[in-house]
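This report refers to the structure that appears directly beneath it.
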Amino acid sequence: MLAYSGQYRVEPPNRLVTTVDIAWFEPWVGSEQVRYCNLSGDSLTLTSAPLNMPQQNALMFAVVTWRRELASQCD
């Protein structure tokens, strides 16, 4: 689970930077979280910078994808 909120800015060509004012993970409060965004058709994907996972001896990326709901048409 992950949750955070704050003002954000878009930095072309594909960076979304959030200045965190509240977060489930408290150390993020006051930080800037950078995500890389890709808008393709009706899908928006945000990808984190590489996260070092020393226990697994690996790099990890967090990826979240949203898809726009199509408007229903009424007769």
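Because only heavy atoms are used, hydrogens play no part in the values below, and waters and symmetry mates are left out as well, while side chains stay in. Heads up: numbering here begins at 1 and tracks the sequence.
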| message | Less than 4.5 Å apart, side chain to side chain, heavy atoms only: is that true for Leu44 and Cys37? | response | yes
| note | Separation between CD (Gln7) and CG (Asp21), nearest 0.5 Å, reads 7.5 Å
| Value rounded to 0.5 Å, distance of OG1 in Thr47 from CG in Asn14 | 9.0 Å
| Where do Ser48 and Phe61 come nearest, in terms of heavy atoms and distance? | O-CD2, 3.4 Å
| Any side-chain heavy atom of Asn52 sitting closer than 4.5 Å to one from Leu59? | yes
| field | Value rounded to 0.5 Å, distance of CZ in Arg9 from OG1 in Thr19 | value | 5.5 Å
| said: Quick one, Glu32 with Arg15, criterion salt bridge (charged side-chain N to carboxylate O under 4.0 Å, His left out). Give me CA distance, side-chain angles, the key distance, then yes/no. | reply: CA-CA 12 Å; Glu32 288 193 336; Arg15 284 172 42 113; over 6 Å; no
| When you check the gap from the basic side-chain N to the acidic O, do Glu69 and Arg67 get nearer than 4.0 Å? | no
| request: Report yes if the side chains of Val17 and Gln33 come closer than 4.5 Å at any heavy-atom pair, otherwise no. | output: no
| task | Taking the side chain as every heavy atom from C-beta outward, state whether Leu2 and Trp28 have any atom pair closer than 4.5 Å. | result | yes
| Candidate pair Asp42 and Leu70, rule side chain to side chain contact (heavy atoms under 4.5 Å, CB included), full reasoning | CA-CA 9 Å; Asp42 289 328; Leu70 300 177; 3.6 Å; yes
| Gln56 atom CD, over 12 foreign heavy atoms within 6.0 Å | yes
| field | Contact check, side chains of Leu16 and Leu46, non-hydrogen atoms, under 4.5 Å | value | yes
| query | Are Met53 and Val63 joined in one hydrophobic group, where the rule is that I, L, V, M, F, W and Y side chains link up if heavy atoms are under 4.5 Å apart? | reply | no
| query | Taking C-beta and beyond as the side chain, do Tyr4 and Ile22 meet within less than 4.5 Å on heavy atoms? | reply | no
| Side-chain touch Ser5/Val20, heavy atoms, less than 4.5 angstrom | no
| said: Could you tell me if the side chain of Trp66 sits less than 4.5 Å from the side chain of Ser43, heavy atoms only? | reply: no
